[in-house]
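Here is the structure we will look at, set down as structure tokens.
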Amino acid sequence: MRRSKLFMPTIKETPADAQIPSHRLMLRAGLVRQTAAGIYSWLPMGYRVLRKIEQIVREEMDSTGAQEILMPTIQPSELWQESGRYDDYGKEMLRVTDRHDRGLLYGPTHEEVVTDIFRNSVKSYRDLPQNLYQIHWKFRDEVRPRFGVMRGREFFMKDNYSFDIDAASARISYNKMFVSYLRTFARMGLTPIPMQADSGAIGGDMSHEFIILADTGESTVYCDSAWLDSDPLSLDIDFDTDLQPIVDRWTKLYAATDDKYDPESCPVNEERLYTGRGIEVGHIFYFGTKYSNAMGATVSNDQGQEVPVEMGSYGIGVSRLVGAIIEASHDDDGIVWPESVAPFQVGLINLRAGDAACNEICEKLYSSLSVANVDTLYDERDERAGVKFAEMDLIGLPWQIAVGPRGVKAGTVEIRRRGGKREEISAEAAFSRLT
RNA sequence: CGGGGCGUGGCGCAGCCUGGUUAGCGCGCCUGCUUUGGGAGCAGGAAGUCGUGAGUUCGAAUCUCACCGCCCCGACCA
């Protein structure tokens, strides 16, 4: 992509409304624009990142055997009356009425819809287990949206739902999701901590929030300080084996969210206990037969008895992750994208647009990188060098190549990682470094 | 939902208290010249229903009331 063609409205000054770094940077780097309180439009740069994250989530879901579906954003109120949540949910649920005076709502989550689909189609234990996911928009009418896309009212999320014949099997499904989440986040350069979370009426140990430690996080969290230098997960995992040992390893050290933390019973002593802020990027939850009972989602077991299906639901905040990754990875100059989610891999800067030799080398590099499928943003505008460098730093592409008259004379270009040291090498060497 | 704050060219702000010519400033934008390796300089220029609606007044960005929108703290949430 040529910079001159790209719709990327960057701003030099800090927008007054944005408080935390990720929000400021997302506005300054032209990733998003606010359309209403807690509601954002995604511009090309932001949308590219959003799709990268979405794709990682999708690939990881698929690799566990979950299947992608797409449910409606608008749901009928009746389903929620059936589950009993219509009255419980409160004002956060956006309720609307259609022209026939029928009650509808903009889905804040999809347990009811997916349970309805399931009960109408699955009747036998032979069709279990089943795991269905979707990635799309949800709406929760938060009283107070804030922190940009980290706490929006409309948000993009992956949610999935597991169906099992019994509790033991449900645990296997739960473990798959647990491990899958660790892998998913690791691919984005994040190492979240799975924390015990409130498991509601069901109780038990099968509810975890995946939390990224960050000063700007909105929830208070408590964990064994050994978490702070824990090793990242090995990505090589066979989901058909027993995953319990991996889950055990990742739940051995204490970690709990605010509502689950109890100073009386906390097993970690004070010196060892880390108290900080965190961003919740995922939540997995086993809720047994809560909805299957209420909504009559039953299957026949191998004894011929009709039993309610065991369910769990699992969420990843895809749009929130864009902000969360920036919170975890930025510096004074701007965003520092991990390669896996960067909107472009390479920023190519022509320091002297108009200079024949610079143009030639840039064009050659640009086209060969394109052929090699390396996403490159080529800044060929007639701007000063400082403007281009500053903007490249702001948008945080993993690699920068600068081509200027000085280097051209010496037969070199400059390459550097975002935030790293520049290195002068030949254009050919730069090319092979990036492919 | 409780408390607080803010709405003035695209962005950031001043002006309001103490009403009175053509509403300013910085950034950005356009034109020209100069410049050209870390957000350039000079000159010229375009762009504003002062959130909306009532009211007070000879006269309202400025005072009063209502409404709308947005932000912050808290309670709540992926």
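Each chain gets a letter, A, B and so on, in the order the sequences are listed, and its residues count up from 1.
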Let me know the distance between CZ of Arg381(A) and P of G28(B), rounded to the nearest Å. 13 Å
Checking contacts here: which listed nucleotide (G37(B), C71(B), C77(B)) is nearest the side-chain heavy atoms of Glu92(A)? C77(B)
Identify whether any heavy atom of Glu414(A) sits under 4.0 Å from a base atom; if not, whether one sits that close to sugar-phosphate; answer base, sugar-phosphate or nothing. base
May I ask you to list the residues of residues 404-413 of chain A, by number, that have any heavy atom positioned under 4.0 Å from an atom of RNA chain B? Gly404(A), Pro405(A), Arg406(A), Gly407(A)
Searching all strands shown, indicate the nucleotide that pairs with A75(B) (Watson-Crick or G-U wobble; both distances under 3.5 Å). none
With the side chain of Leu394(A) defined as its heavy atoms from C-beta on, choose the nearest nucleotide among G39(B), G37(B), C70(B). G39(B)
Distance in angstrom units between Lys12(A) NZ and G10(B) P, rounded: 19 Å
Using the P atom in both, what is the distance from C50(B) to U8(B), to the nearest Å? 11 Å
Rounding to the closest angstrom, what is the interatomic distance between G26(B) and G44(B) at atom P? 13 Å
We want to know whether Thr216(A) and Arg277(A) form a side-chain donor-acceptor pair, criterion being a heavy-atom distance below 3.5 angstrom. no
If we call it a pair only when both distances are under 3.5 Å in a Watson-Crick or G-U wobble match, what pairs with C70(B)? G5(B)
Which is true for Ala385(A) with a 4.0 Å heavy-atom rule: it touches a base, it touches only sugar-phosphate, or it touches nothing? sugar-phosphate
Between G24(B) and G5(B) - C1' atom distance, rounded Å: 24 Å
Is it the case that the ring center of Phe210(A) lies less than 6.0 angstrom away from the ring center of Phe178(A)? yes
A66(B) and G19(B), which share atom name P, separated by this distance in whole Å: 22 Å
Write down the distance between NZ (Lys388(A)) and C1' (G39(B)), rounded to a whole number of angstrom. 13 Å
Looking at the side chain of Glu218(A), which of C70(B), G38(B), C77(B) is the nearest nucleotide? C77(B)
Report yes or no: do Tyr378(A) and Asn350(A) form a side-chain donor-acceptor pair below 3.5 Å? yes
Please give, in whole Å, the distance from G28(B) P to Leu27(A) CG? 19 Å
Watson-Crick or G-U wobble partner of U22(B), both distances under 3.5 Å: none
Would you measure the distance from the P atom in G7(B) across to the matching atom in G51(B) and give it in whole Å? 8 Å
Side chains of Asn175(A) and Gln244(A): donor-acceptor distance under 3.5 Å anywhere? yes
Scanning all shown strands, the Watson-Crick or wobble mate of C65(B) with both distances under 3.5 Å is G53(B)
Choosing from A40(B), C1(B), G37(B), which nucleotide comes nearest the side chain of Lys91(A)? C1(B)
Would Arg51(A) count as a cation-pi partner of Tyr47(A), with NZ or CZ less than 6.0 Å from the six-membered ring centre and within 45° of the ring normal? yes
Which part of the nucleic acid, if any, lies within reach of Ala36(A) when heavy atoms closer than 4.0 Å are counted: base, sugar-phosphate only, or nothing? sugar-phosphate
Less than 3.5 Å apart, any donor N or O on the side chain of Arg95(A) or Tyr106(A) sitting next to an acceptor on the other? no
When the C1' atoms of G2(B) and U62(B) are considered, how many whole Å apart are they? 31 Å
Could you tell me the separation between the CD atom of Gln19(A) and the P atom of G5(B), rounded to a whole number of Å? 16 Å
Ignoring hydrogens and angles, state whether a donor on the side chain of His208(A) or Tyr181(A) is under 3.5 Å from an acceptor on the partner side chain. no
Nearest-Å distance for atom pair CE/C1', residues Met150(A) and C77(B): 14 Å
Is the centre of the His283(A) ring less than 6.0 Å from the centre of the Tyr314(A) ring? no
Using the C1' atom as the point on both nucleotides, what is the distance between C58(B) and C63(B), in whole Å? 16 Å
Please confirm whether any donor atom in the side chain of Arg28(A) sits under 3.5 Å from an acceptor in the base of G12(B), or the reverse. no
Considering only nitrogen or oxygen atoms on both sides, find all protein atoms under 3.5 Å from nucleotides 73-75 of chain B and state each distance.
residue : atom : partner   : partner atom : Å
C73(B)  : OP2  : Arg144(A) : NH1          : 3.3
C73(B)  : OP2  : Arg144(A) : NH2          : 2.1
A75(B)  : N6   : Arg146(A) : NH2          : 3.2

Using a 4.0 Å heavy-atom cut-off across all strands, classify Arg422(A) as base, sugar-phosphate, or nothing. base
Mutual orientation of the aromatic rings belonging to Phe287(A) and Phe285(A) [parallel < 30°, tilted 30-60°, perpendicular > 60°]: tilted
Check for me whether Arg416(A) meets the cation-pi criterion with Trp399(A), that is, NZ or CZ under 6.0 Å from the six-membered ring centre and within 45 degrees of the ring axis. no
Glu142(A) has a side chain; which of G39(B), C71(B), C77(B) sits nearest to it? C77(B)
Assign Asp393(A) to base, sugar-phosphate, or nothing according to its heavy-atom contacts below 4.0 angstrom with the strands shown. base
Considering all heavy atoms of both residues, which atom of Cys362(A) and which atom of Ile349(A) are nearest to each other, and what is their separation? SG-O, 4.3 Å
The Watson-Crick or G-U wobble partner of A60(B), with both key distances under 3.5 Å, is none
Proximity to the side chain of Glu13(A) - top-ranked nucleotide from G39(B), G26(B), C70(B): G26(B)
Is any side-chain N or O of Arg384(A) closer than 4.0 Å to OP1 or OP2 of A40(B)? yes
Look at all strands and tell whether Ser219(A) reaches a base, only sugar-phosphate, or nothing, counting heavy atoms closer than 4.0 Å. nothing
Compare the minimum distances between each of C71(B), G39(B), G37(B) and the side chain of Gln34(A), then state the nucleotide with the smallest one. C71(B)
Answer yes if the side chains of Glu209(A) and Thr257(A) hold a donor-acceptor pair under 3.5 Å, and no otherwise. no
Nearest nucleotide by nearest heavy atom, which residue falls closer to the 5' end of RNA chain B, Ile11(A) or Phe155(A)? Ile11(A)
My understanding is that a pair needs two contacts under 3.5 Å, Watson-Crick or G-U wobble. By that rule, which nucleotide pairs with G32(B)? C42(B)
Assess the pair Tyr274(A) and Trp227(A): is the distance between their ring centroids shorter than 6.0 Å? no
Between Leu351(A) and Gly152(A), the residue closer to the 5' end of RNA chain B by nearest nucleotide is Leu351(A)
Rounded distance (Å) that lies between atom C1' of G28(B) and atom CD of Glu391(A): 13 Å
Just how far, in rounded Å, is P of C77(B) from CG of Leu94(A)? 19 Å
Nearest-Å distance once atom P is located in both A61(B) and G55(B): 15 Å
